[in-house]
Amino acid sequence: MLQRPRGTADILPNEQKYWKFIHEATAKVCEKFGYKRLDTPQFESKDLFIRGVGTQTDIVQKETYTFQDKGNEELTLRAEGTAPACRAYIENGMKNLQQPVRLYYHASIFRYERPQSGRYREHHQFGIEAIGDDSPLIDCEVIQIATDVIEVLGIPNTSLFINSIGGASCCRKDYLLSLKTYYSNHLELLCNDCNNRMENNPLRLLDCKQKQCQPFLEDAPHSIDSLCQECRDHHEKLLGYLDSLQLAYIINSKLVRGLDYYNKTVFEIQPETEGSQNTIIGGGRYDGLIEQIGGQSTPGIGFGCGIERLILNLKSNNIEPPEIYEKPVVICHMGEDALNIAVPLSKKLRSNNIHTIIAPYGKSIRSQMRYASSNDSDYVVIIGEEEIKQKTYRVKDMNKSTEYDLNESDLINLILKI
RNA sequence: GUGAGUGUAGCCAAGAGGCCUAAGGCGCUAGUUUGUGGCACUAGAGAUCGAGGGUUCGAAUCCCUUCACUCACCCCA
């Protein structure tokens, strides 16, 4: 049997209410903060992700869907949202707009990973980017949007974690040095991965989950303690703004992120529930990224939010989004003559914004009524010989079980409750 | 890439070598007298028991291979 590729999903009609709810709620929050929607292509040149995300990241090393097109172009399915947004910023000359440029997106993300709960090869992210402003005020704004989104969706019991990993060209070096010095005393006791991380990505030493490495985490130096004056100011101002909002956060010195472009502020929102793939929002500042992919030096900050993970959380908290399908009026009909009336009537009803279904062809009236009932119809219109003769419509109010013989405009008024 | 678990109709499932030409439930279709639903009752359709091979007189049940799904590690949203 042909089946969908591993790690992908069909989003069935019954699931759509979750998606619509999230799409609408997130867009509304963003727009309230002056953010505007950006859509970028499903695939980009492979180079964008290599240069943007970083060669040492797992995403680039083993998770991209890369292919050659017929013109031998090396293309990669969108592996994350920030680099494409920055590419679009550069390519469309957005530096000429008022800064910061505030953008949000809803996009498919493709990563070749082994699927498990909360992780898929094609997943969907909602995200925002604020590009062209290096002030902590924008950090606060971005984080506020993240927490607002969680709030309007009604997901309870989440925690906001914040850290600063310093600037790439100022204090990060100092911190990495003290981290490496600290860990170099314990090399034999660390897991293989961590030994590799010492060379390739020392920050990641901090989120190793191997048992043997845990004892060293406790006393590992904190990045916050190595911040230079500017980064420290930035961090403290941000916390001050968050305090003024009475927004609860937890400073987490072990919070580092898996993409190379982050600097200064990094943050995540996690639910308190058990589970490993549970970060629902993750983001941070990326002041070097735009220059890295060929633009002028431009600061930026943003976050990504996993929609499937949001839905998992809505469900585990029994949050039901509003239904999206209106109850249809069903037109029951007996005979070909009736159909010649039913078809134009259905058009007329729909033109009055009434959701209308003509009952299936060639069925008994009983079957047609059953059909209407299982479609949750409030009103059923019946057209048979009698009605044709009288030039009326028999309407049944399915909730009250009462019937009326009405002309077309009275029928419409009844259904619209005018 | 590594490890563990699971694969029986659209969904949930019984079944543990012959009683399985595979139970039951949901859902689906139809009927329960004349043109009327929801409940109830009755009937029906729907399964090469994930696939391939082997053992056996006999396999959904045992063995091998393979595929898929799920969960965990890694990493991330």
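Lettering follows sequence order; numbering is per chain, from 1.
Side-chain N/O atoms of Ser367(A) include one lying less than 4.0 angstrom from OP1 or OP2 on rG31(B). At the phosphate of rG37(B), neither OP1 nor OP2 sits under 4.0 Å from any side-chain N or O atom of Ser401(A). At rU32(B), one or more side-chain N or O atoms of Arg366(A) fall inside 4.0 Å of OP1 or OP2 (strictly under the cut-off). Distances shown here put every side-chain N or O of Arg370(A) at or beyond 4.0 Å from the OP1 or OP2 atom of rU36(B). Within the structure, every side-chain polar atom (N or O) of Thr279(A) is placed at least 4.0 Å from both OP1 and OP2 of rC76(B). Put simply, Gln368(A) has no side-chain N or O that comes within less than 4.0 Å of OP1 or OP2 on rG37(B). Here Lys363(A) reaches the OP1 or OP2 of rA30(B): one of its side-chain N or O atoms lies under 4.0 Å away. Contact between the side-chain N/O atoms of Gln116(A) and the OP1/OP2 oxygens of rA72(B) is found at a separation under 4.0 Å.
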Report, one pair per line, the protein and nucleotides 1-6 of chain B atoms (nitrogen or oxygen only) whose separation is under 3.5 Å.
unit_1 : atom_1 : unit_2    : atom_2 : d
rU2(B) : O4     : Arg114(A) : NH1    : 3.0
rU2(B) : O4     : Arg114(A) : NH2    : 3.4
rG3(B) : O6     : Arg114(A) : NH2    : 3.3

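Two residues are said to be in side-chain contact when any heavy atoms from C-beta on lie closer than 4.5 Å; Gln125(A) and Tyr105(A) meet this criterion.
When the nucleotides rG35(B), rA68(B), rC76(B) are ranked by their closest atom to the side chain of Gln3(A), rA68(B) comes out on top. Side-chain atoms of Ile365(A) lie closest to rU36(B) of the nucleotides rU36(B), rC76(B), rA68(B). Distances were taken from every side-chain heavy atom of His123(A) (C-beta onward) to each of rA68(B), rA77(B), rG31(B); the shortest belongs to rA77(B).
Ser346(A) and Arg350(A) form a side-chain donor-acceptor contact under 3.5 Å, judged by distance and modelled atom types alone. If you check the side chains of Ser159(A) and Gln270(A), you find no donor sitting under 3.5 Å from an acceptor.
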Problem set entry | Verdict with supporting geometry, Leu48(A) and Ser45(A), side chain to side chain contact (heavy atoms under 4.5 Å, CB included) | CA-CA 6 Å; Leu48(A) 173 63; Ser45(A) 78; 4.1 Å; yes

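In this structure, rC73(B) and rG1(B) make a Watson-Crick or G-U wobble pair, each of the two defining distances being under 3.5 angstrom.
Across the interface with RNA chain B, nearest-nucleotide mapping of Arg394(A) and Tyr371(A) shows Tyr371(A) to be the residue nearer the 5′ end. Projected onto RNA chain B by closest heavy-atom contact, Lys400(A) and Pro115(A) fall at different nucleotides, the more 5' of which corresponds to Lys400(A).
Between rC67(B) and rU56(B), the distance separating the two P atoms is 27 Å to the nearest Å.
Between His106(A) and Tyr104(A), the angle of the ring planes goes over 60°, which puts this pair in the perpendicular group of the 30/60° scheme.
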